[in-house]
Every structure is written in structure tokens, then in C-alpha cells.
There are 2 protein chains.
Amino acid sequence: MSEKNLLTELAAHLYSFGETENGRMPSERELAEHFAVSRGQIRETLAILEAMRIVERRAKSGIFLTTRTASVEALALFAKAGLPLDPIQIYEAVELRKIHEIKAAELASARATDENYDRLRAILAASEQRIAAGGTLAEEDRDFHLEIVRATQNTVFYRICSVYYAMGERRLPIYFSDPDRSARSHAEHVQIFDALLKRDANLAQALMSAHLQGAESYWKGLITGKPSGTA
Amino acid sequence: MSEKNLLTELAAHLYSFGETENGRMPSERELAEHFAVSRGQIRETLAILEAMRIVERRAKSGIFLTTRTASVEALALFAKAGLPLDPIQIYEAVELRKIHEIKAAELASARATDENYDRLRAILAASEQRIAAGGTLAEEDRDFHLEIVRATQNTVFYRICSVYYAMGERRLPIYFSDPDRSARSHAEHVQIFDALLKRDANLAQALMSAHLQGAESYWKGLITGKPSGTA
DNA sequence: GCGCTGCATTGGTCTTACCAAATTTTCTGT
DNA sequence: ACAGAAAATTTGGTAAGACCAATGCAGCGC
């Protein structure tokens, strides 16, 4: 929040224009003036936005929001920029996340190394301490799930799943604002960890599926209730 | 190939330095001179590379290759730049692809619209024509698989899977250099399409699994034989 | 061998400038 | 009044130069 980042600010600014007339955004020179930076800075940022397929720069014509689907990374940027993510995309991400993590649990139960187990133990210990102190989960949840993905030893897998958590970063605190949910999640994490330790792929999958089911229905209910962002 | 692109060329150039001494890349000024462009151009490109977590710019210190895992998009760039993809990452991508596409077949069999079916029919017709003319598959294969992913109606899913095909773009011609393989693949595509049409999720999954098994073992054998890139 | 000093290097930023294509405005002829 | 041509303006693309402050390094002195 406090961190001022031209990339996120510019993305937010551009989206604030919505579907202005022909969809053309302010010129580079205008943007430079608006953000009180040089044109070079704006161009550097626009280059990134263009690489993410968020924006399209037509030579000597102007800057436009892309109609093509943006890159995966763009979703993470949207979340970071505080842009109201499309509820549909949130649901899509949750659906995908479930697919990924259940499979991750299966693979991890066969491939997890001692290092993975150690890290998971540390994460669970931190979770327990946090909850014992009356706090709520947040990074610990993300760390736990991502560590399981890492335990698949498939780095491409890890990269993809990182996006989900970047997307959910500002939603986690909301989700875990209920202390009960923290405790319940933690308990389920422990069960999943035990299944991984026993290298019981079927059990790990089943537990992960049940664990994510809760989150999925929570978000599904929330987004159908409040269609727009929950900032 | 013919298309000169500073982004891909710069990426390739930087990687050609490998693990030079402390891992520091040439300075922006040197790179600008090397590519005969202005420093601004180099900085714009480096900004993209940094956003992809391929490169790290340390203020007043230098440019370094990131040790952290790069973004998903970076994999597509690597392929486009003709960089020798890590065989391990290729395997990882193939493994993931199988996970994704089998699930996609399941979801698509329930959600495919008439539009999806129409497009799949058109793609299959194009494939058939190509093969009848003695040609080999290439884009048709990619289009077919991606259309199935699109038929899940999950755009995030689609984005992720697009990366695989960007990665494999220059590998497809090699894979399909064997005319037999083209014909066999096409026949399997037709079967999968029929399963989708019947909305038989189990059959679609099974067929897709078998279909990808062939590709998986092909690539696995090829990369263990030739550890490095296959141009 | 160690610590300090000073200088060249380097990324970060801004300014100015010019080009050529695209766009908008103005002008012109009917 | 309108359509089309011509001129002026805007816009992205690119380059060159300059300054800053932190970094890194070489050389010096101890």
C-alpha cells in the first residue's frame, strides 16, 4: 500500500479511463506530466504493460487497452494495483487453483524431500504460534500451499501457482479475519502434512480437495453477493 | 527468425555470458553500443526482462541474471529467443501440460459451446486437408489443443496453456516431421472431438491422456538423448 | 596485511531534440 | 453545404547529453 510503484499506479490510472470514446489513453507526454516523471519513465513502464498484453502502443497513434487476453502475470499486477478484479476471473482462478493444488498434493506426496518437510514443519509451527497468540493466518497459509507446490519439484508448476497467491494477497486477510477459520485451516494443514509424510497420495489429494472446497464456496458466495471488488 | 526483436536478442545476448565471474552483465552503456541503439531502448527492454524476473538491476551496481525463478512468460520468451531451454524445464512443462489438458478435456466436455465445436470442426477440416495434401501438422495441432482449453470457458486457464504452445512453437515442426505422426495425431484428435461432442467427460479424459502420452514419451526420450537444445 | 581515501563506473532520472506517420484542423473548389 | 485536398498538429519511436548518488575498486599509507 505505502509502496509507491509507478507500474501499479499507471495501470490503475489507465483503467480509470475505462472506455473513453475511442478507447485511446492519454499520450505519453500527458502521462509524464500527470505522474511528474520523465517521458522515459513512462515509456519504460508502458513497455512492461505492453509485454503483459495489458496495453497496446500503436506507432504515432496512441496507447490503447488491449482487447486480447492479458498475460497471466497481469492478473497478479491487477491485484497489486488494487484494481477490481473481474469476479468471473476470480472464480476462474479459484477453479484452476483447486485443479493445481490437488494434483500438487498427489505429486508432492511422492516427491517431497526432507527439505520440503522441514520447511512445512517450520511453517506449521509458525502458524500454531500465531494462532496460540490469538492472531490470524495470512502469509503462513500462502507459504504452506506454495511449499507443497514446490515439493512437486516442478518449478514451472511453482511459477504458475505463485500467481494465484499474488492475486489473493489482499484477500487473505479478509478470509482469515474470522479466527475460527484460521484454526480450522491450520488443523487441516496439519492433516495434509501428515498425509504427505505418510506419502499417501490418495489421502493427501482428498484432504486437499476438502480443504479447498471450503475456500472455494466462501469466495463463490462472496463474489456473487458483492459483484465488485472488496478492496 | 527473420524478425529482429531487441527483447529476444538481448535476452540471448545476456545469457551468452553465462556465469561470467561474479555474474554481472555488461553495463547499459555497453549494451547500447553493442546493439547500436540508445540507452533508452536498452533500459526499456531491461525493464521488461526485469518484470519477467529474468534479470535483476541493482542500483548503481550492475545487471545480473536472477537467481529467483523467472515468470511463466519468461519460458515463452526463452523459446522465442532460441535459447536452449533447460531439459528439466521442458519435462516439467510437458508434465504440467498433461495435467492441464486432461482436466481441460473433462471441463470442455461439459462446457463447450456451439462456437467451440464449430471452431474445432474447422480446425479438423484444415488438418485433414493438410494431411491429404501430404503435408504435416503444425499450427493445426496447437489450435486444436488450445481450442479445447478455451472450451473450458476459463480464460485464466487459456492464458496459462498458451505459454506451453509458445514454448513448443519451434518444436512442433520437428515433432511432426514424421508424416505418420501427423496422421495418427489427427485421427486421435477426431476421436477426442467425438467424445467432446457426446459430452462424455470420462472418455474425453482417457483419450486425451493417451494422446498426450505419446508426445510425452517422445519428448522425454529426445531430451534424455540430446540434453541440450534441438535448435 | 589492513584500513582508508579518492576516483571511475553504473544505474536512475530528466531534458531536449528530431523524425515520420497518423490524426485533426483548415482551406478550397464545386 | 459538402466533399476532398492541403496544411498544421499530435504522437509514438529514437537518440544524445547531462547530472546525481551510490557502488566498487585501485592505490595509498600505515
Q: To the nearest 0.5 angstrom, please state how far the CD atom of B:Glu56 sits from the CD atom of B:Glu50.
A: 7.5 Å

Q: Output the distance between atom OG1 (A:Thr155) and atom CD (B:Gln89), rounded to the nearest 0.5 Å.
A: 4.5 Å

Q: How would you list all residue pairs meeting salt bridge (Lys or Arg N to Asp or Glu O under 4.0 Å) that involve residues 25-35 of chain A, not counting sequence neighbours?
A: A:Glu28-A:Arg39, A:Glu28-A:Arg43

Q: On DNA chain D, reading 5' to 3', which nucleotide is the first and which the last to sit with an atom under 4.0 Å from a heavy atom of chain A, could you check?
A: D:dT11 to D:dT14

Q: Rounded to the nearest 0.5 Å, how far apart are CD1 of A:Ile48 and OG1 of A:Thr45?
A: 6.0 Å

Q: Could you say whether A:Val37 or B:Gly62 is positioned toward the 5' end of DNA chain C, judged by the nucleotide with the nearest heavy atom to each?
A: B:Gly62

Q: Between C:dG11 atom P and B:Ile63 atom CD1, what is the distance in whole Å?
A: 5 Å

Q: Look at B:Lys98 together with B:Glu92 and state whether they make a salt bridge at an N to O cut-off of under 4.0 Å.
A: no

Q: Measure CG/B:Leu49 against C1'/C:dG11 and give the value in whole Å, please.
A: 16 Å

Q: Please state whether the rings of B:His189 and B:His145 are parallel, tilted or perpendicular, taking 30° and 60° as the class boundaries.
A: perpendicular

Q: Which residue pairs satisfy the salt bridge (Lys or Arg N to Asp or Glu O under 4.0 Å) criterion with at least one member in residues 66-76 of chain B, sequence neighbours excluded?
A: A:Arg53-B:Glu73

Q: Determine which pairs satisfy salt bridge (Lys or Arg N to Asp or Glu O under 4.0 Å) with at least one residue from residues 145-155 of chain A, sequence neighbours left out, and list them in order.
A: A:Arg119-A:Glu147, A:Glu147-A:Arg150

Q: Flag the pair B:Arg142 and B:Glu140 as a salt bridge only when some basic side-chain nitrogen lies within less than 4.0 angstrom of an acidic carboxylate oxygen.
A: no

Q: Could you check how far CD of A:Glu28 sits from P of C:dT13, rounded to whole Å?
A: 17 Å

Q: Enumerate the protein-to-nucleotides 19-23 of chain C contacts in which both atoms are nitrogen or oxygen and the separation is below 3.5 Å.
A:
{"residue": "C:dA22", "atom": "O4'", "partner": "A:Lys60", "partner atom": "O", "Å": "3.4"}
{"residue": "C:dT23", "atom": "OP1", "partner": "A:Ser61", "partner atom": "OG", "Å": "3.2"}

Q: Decide, yes or no, whether a salt bridge links B:Glu95 with A:Arg111 under the criterion of side-chain N to carboxylate O below 4.0 Å.
A: yes

Q: Could you check which residues of residues 38-48 of chain A get a heavy atom under 4.0 Å from DNA chain C? Sort them by number, please.
A: A:Ser38, A:Arg39, A:Gln41

